[in-house]
Amino acid sequence: MASNGDSPNRRSGRIQAPARAAEPHRLDDMDRKILGALREDGRLTIAALAERVGLSQSPCWTRLRRLEEAGLIRDYVALLDHRALGIPDVVFVEVTLDKHDDSVLEAFGTEILRIPEVLEVHLVTGEYDYIIKVAVSGTAHYERFLREKLYRLRGIRQSRSVFALRTLKQEVSVDPVAIARQAP
């Protein structure tokens, strides 16, 4: 069992993802409270987490381990302030590929993941094949990203870029307590 000073992220480091895709799990209110508390502050110690959700440490620890092992907690991370790092601009890039066979999709996926400015990549339905979220320090940096990185990837037919002017909401996961309140 963790000591009072251990936080989940220092205690366990990276969580191993389950071998198969995470399936929906039945969660009770206490599980949701634990997930919600960690969503707000992933550095909570077991003692602080237990106090926040109204459990003693041992049952809290047991539930936390079960949630981790079930794949409900994928990882513990630090959210960096891109503005403070000098990379304040976010660009959403829509990309269409020339072909859609498995080898082209796999090659594009492998190559796009290697680019450090790329924060997220989503295979989507609709007019474009992918939506890519990119962090850059300004328009000159974005131009370099396009010319030196994105446009050098094989298989791209076209792209369209949209600069985010302001972020109104940014979450890394849903609030499990709020979602449960909205369920039918």
Side-chain angles (χ1 to χ4, degrees), residues 9 13-25 27 32 35-36 38-42 67-68 70-184:
N9 57 343
R14 291 203 167 270
I15 302 301
Q16 291 296 324
R20 56 182 168 59
E23 296 176 12
H25 292 273
L27 301 174
R32 291 179 194 286
L35 292 171
L38 288 173
R39 177 181 167 269
E40 291 176 8
D41 183 357
L67 294 167
E68 290 174 347
L72 288 153
I73 299 171
R74 195 173 62 205
D75 213 342
Y76 296 95
V77 299
L79 297 177
L80 306 181
D81 184 331
H82 291 165
R83 186 169 299 285
L85 290 169
I87 311 167
D89 296 318
V90 172
V91 184
F92 295 94
V93 186
E94 298 169 322
V95 172
T96 302
L97 300 180
D98 284 331
K99 297 179 185 176
H100 297 96
D101 61 47
D102 287 344
S103 64
V104 171
L105 292 171
E106 188 168 328
F108 177 81
T110 299
E111 292 176 33
I112 195 73
L113 296 179
R114 293 184 179 135
I115 301 174
E117 290 91 344
V118 173
L119 301 174
E120 296 178 20
V121 180
H122 301 273
L123 178 62
V124 297
T125 62
E127 186 178 342
Y128 291 87
D129 298 320
Y130 290 93
I131 294 179
I132 302 165
K133 182 178 177 183
V134 178
V136 293
S137 62
T139 56
H141 182 181
Y142 186 62
E143 180 187 5
R144 281 192 317 278
F145 164 80
L146 286 176
R147 284 187 297 100
E148 297 173 8
K149 296 176 182 177
L150 186 66
Y151 292 162
R152 292 190 180 181
L153 300 183
R154 293 166 298 188
I156 294 178
R157 183 175 67 201
Q158 68 180 21
S159 70
R160 182 172 80 171
S161 304
V162 179
F163 270 77
L165 298 178
R166 181 172 20 138
T167 301
L168 302 179
K169 181 176 181 178
Q170 182 177 24
E171 300 288 346
V172 295
S173 61
V174 298
D175 180 345
V177 176
I179 292 294
R181 285 188 209 126
Q182 295 176 3

Shortest non-hydrogen separation from Pro176 to Gly36 and the atoms involved: CG-N, 3.7 Å
Basic-acidic side-chain contact under 4.0 Å: Glu111, Arg152: no
Minimum heavy-atom distance between Ala107 and Arg154, given as atom pair plus value: CB-NH2, 4.3 Å
Distance-minimising heavy-atom pair for Val104 and Lys99: CG1-O, 3.5 Å
Heavy-atom pair with the smallest gap, counting every atom of Arg83 and Asp81: N-OD1, 2.9 Å
Full working for side-chain contact (heavy atoms from CB on, under 4.5 Å) between Thr139 and Asp89: CA-CA 9 Å; Thr139 56; Asp89 296 318; over 6 Å; no
Residue pair Ala164 / Phe92: nearest heavy atoms and the distance that separates them: CB-CE1, 4.1 Å
side-chain contact (heavy atoms from CB on, under 4.5 Å) assessment of Val136 paired with Val90: CA-CA 6 Å; Val136 293; Val90 172; over 6 Å; no
Contact check, side chains of Arg39 and Ser173, non-hydrogen atoms, under 4.5 Å: yes
Side chain proximity check, Pro116 to Lys149, heavy atoms < 4.5 angstrom: yes
Test item: Leu97 and Leu105 side chains (from C-beta on) under 4.5 Å apart, heavy atoms: yes
Distance-minimising heavy-atom pair for Tyr151 and Ser159: OH-OG, 3.3 Å
Pair Ile132-His122, side-chain contact (heavy atoms from CB on, under 4.5 Å): steps then yes or no: CA-CA 6 Å; Ile132 302 165; His122 301 273; over 6 Å; no
Mutual orientation of the aromatic rings belonging to Phe163 and Tyr142 [parallel < 30°, tilted 30-60°, perpendicular > 60°]: perpendicular
